[in-house]
Amino acid sequence: MAPSPQVPLADGITSSFPVIDLTQPSLSNLREACKTYGFFYIKGHGVKPSLLQAALRQCRAFFALPLPQKQALAGCDHSQGYQALGTEKLNHKEQTQPCTQEGFRLLLTPPSSDQPWPAPSLLHDFRPVLEEYHAAMESVAHRVLRLIVSSIGMPPDYLHDEIHAFHPQAAATTRLLHYAPIPSSVEDGVFGCGAHTDWGCLTLLLTEDEGLEVLCRPEGGEGGTWVRVPPCQSPGGERGKVKRDSRPGSREKAWSDGSQARTEACGQGVKSEWLLICNLGDLLQRWTNDFLRSTPHRVVNREGKDRFSIPFFFSASPTAVVECLPPFRGIGSKNGVREEDDGKSRGGGKYPPILVSEYVAERLRTATVGRRLEI
Ligand SMILES: O=C(O)CCC(=O)C(=O)O
Ligand SMILES: [Fe+2]
């Protein structure tokens with residue numbers, strides 16, 4: 001099968017960031033993307049652009065509400081509702097300040113009567129638009145997961161049917177994020193959101209704004225290079241400009257203009273399509289004994305502008321056990337390369353089996369300010 005369109009990287013990085021077309025997916029490209037980067041773009045997802053635009057409009061409208069109205073929507077715990085600026089720190093090693101963002105978590109799967117919603121008198125279309133958006137992302141996530149499982153040589157429904165990973169339902173959260181117009185400073189430890197991995201199965205991200213950076217380690221191992229990921233679409237369909245970090249000795253690289261990928265992905269002359277950015281989370285990495293990657297990423301607000309994004313976090317059923325899958329038992333992964341077991345693995349894998357609920361609760365707890373989390 002022909003290679004899928006790629007986003008070539010700038011500044012001498014030889015590899016590229018893949019675009020997976022859900023209408024004609026290449027499993028080998030998908031496997032390579034999941035193994036090498038843990039990040040890829042999705043095209044051909046079938047979600048209407050009008051729904052994506054409406055979700056972003058509601059996101060902006062929500063954060064434009066006066067602070068007391070947002071604070072009234074704090075959930076009974078951190079997993080739902082409003083989180084004010086200054087309440088989260090994802091990386092206690094590198095961040096000197098909390099993330100410069102405020103957020104609103106919509107834990108809609110499974111449905112819960114505890115989920116706070118703004119009154120329709122405040123934001124009339126908020127709930128119907130975001131419920132539709134959540135359902136659309138959930139369906140994309142199930143499709144992508146089956147493809148990922150097929151790409152590693154397993155029956156597509158293995159996680160669904162054998163592991164009951166999503167039975168009766170995978171927990172899934174749509175999160176609205178607003179990054180305050182505070183310039184980040186990598187040197188001073190000020191980040192829109194500090195380097196972290198996502199703790200679910202996979203994340204689908206929608207944003208029109210620059211700022212997302214991914215730690216690129218094609219060879220695996222320590223170190224790596226932070227690369228900037230062009231947004232899913234630029235405002236008005238215009239293409240983003242190449243941004244390079246020209247500071248001497250900088251290890252940060254810019255992706256080349258994402259418009260190239262979008263044009264290639266959509267065909268010349270066609271108005272650019274809305275891509276989704278997909279990344280793998282820790283559960284998939286643990287299930288595959290580190291064969292697939294849950295890659296560190298961060299948000300750097302270089303221009304100090306308001307930034308909006310909507311990640312959809314697809315986790316798993318809280319009662320599912322995360323334990324090394326059969327093909328990866330006895331196989332270690334060093335520097336991203338499969339190798340034979342060194343004899344120290346437990347339960348056939350590097351990690352002891354853990355309940356999804358335990359893993360997720362611990363990660364959520366450590367993300368609130370005052371707790372430690374190191375990557
Ligand atoms: O806002 C973004 O672009 C990414 C946010 C993110 O990585 C997260 O919330 O886990
Ligand atoms: Fe993330």
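Order of listing sets the numbers, starting from 1, for every ligand and every atom in it. For reference, positions follow the sequence shown, starting with 1.
Note: His297 and His196 meet the aromatic proximity criterion, with ring centroids under 6.0 Å apart. For Phe62 and His178, the distance between ring centers is not under 6.0 angstrom. Remark: aromatic rings of Tyr133 and Phe312 are distant, center separation not under 6.0 Å.
Nearest protein heavy-atom neighbour of atom 3 (O) of ligand 1: Arg307 NH2, 2.9 Å. Among protein heavy atoms, atom 5 (C) of ligand 1 sits closest to Tyr179 OH, 3.5 Å. Protein heavy atom at the shortest distance from atom 9 (O) of ligand 1 is Phe313 CZ, 3.5 Å. In terms of protein heavy-atom proximity, atom 4 (C) of ligand 1 is closest to Val299 CG2, 3.8 Å.
Looking at His297 against ligand 1, only its side chain comes within 4.0 Å, counting heavy atoms. Residue-level proximity to ligand 1 for Asp198 is carried by the side chain, the only part with a heavy atom below 4.0 angstrom.
For the residues Glu213, His178, His196, Gln101, the heavy atom positioned nearest atom 10 (O) of ligand 1 is part of His196.
Side-chain atoms of Arg143 come within 3.5 Å of backbone atoms of His45 as a donor-acceptor pair (strictly under, hydrogens ignored). Judged by distance alone, the side chain of Glu273 and the main-chain N or O of Gly44 form a donor-acceptor pair under 3.5 Å. Judged by distance alone, the side chain of Ser184 and the main-chain N or O of Gly192 form a donor-acceptor pair under 3.5 Å. For Arg31 (side chain) and Leu292 (main-chain N/O), no donor-acceptor pair under 3.5 Å exists by modelled atom type.
Inspection of the Asp306 and Tyr179 side chains reveals no N or O donor paired with an N or O acceptor under 3.5 Å. A side-chain donor-acceptor contact under 3.5 Å links Gln83 and Arg175.
Taking the ring centre of Phe191 as origin, the terminal cationic atom of Arg298 falls outside the region bounded by 6.0 Å and 45° from the ring axis.
When each atom of ligand 1 is checked for a heavy atom of Leu205 under 4.0 Å away, the hits are 2 (C), 3 (O).
Residue contact check for ligand 1: Leu177 places a non-hydrogen atom closer than 4.0 Å to it.
Considering backbone and side-chain atoms alike, Thr207 places every N or O at 3.5 Å or more from each N or O of ligand 1.
Take a cut-off of 2.8 Å around the Fe ion (ligand 2): the protein N, O or S atoms inside it are His196 NE2, Asp198 OD1, His297 NE2.
Note: Phe166 and His142 have perpendicular aromatic rings, judged against thresholds of 30 and 60 degrees for the angle between ring planes.
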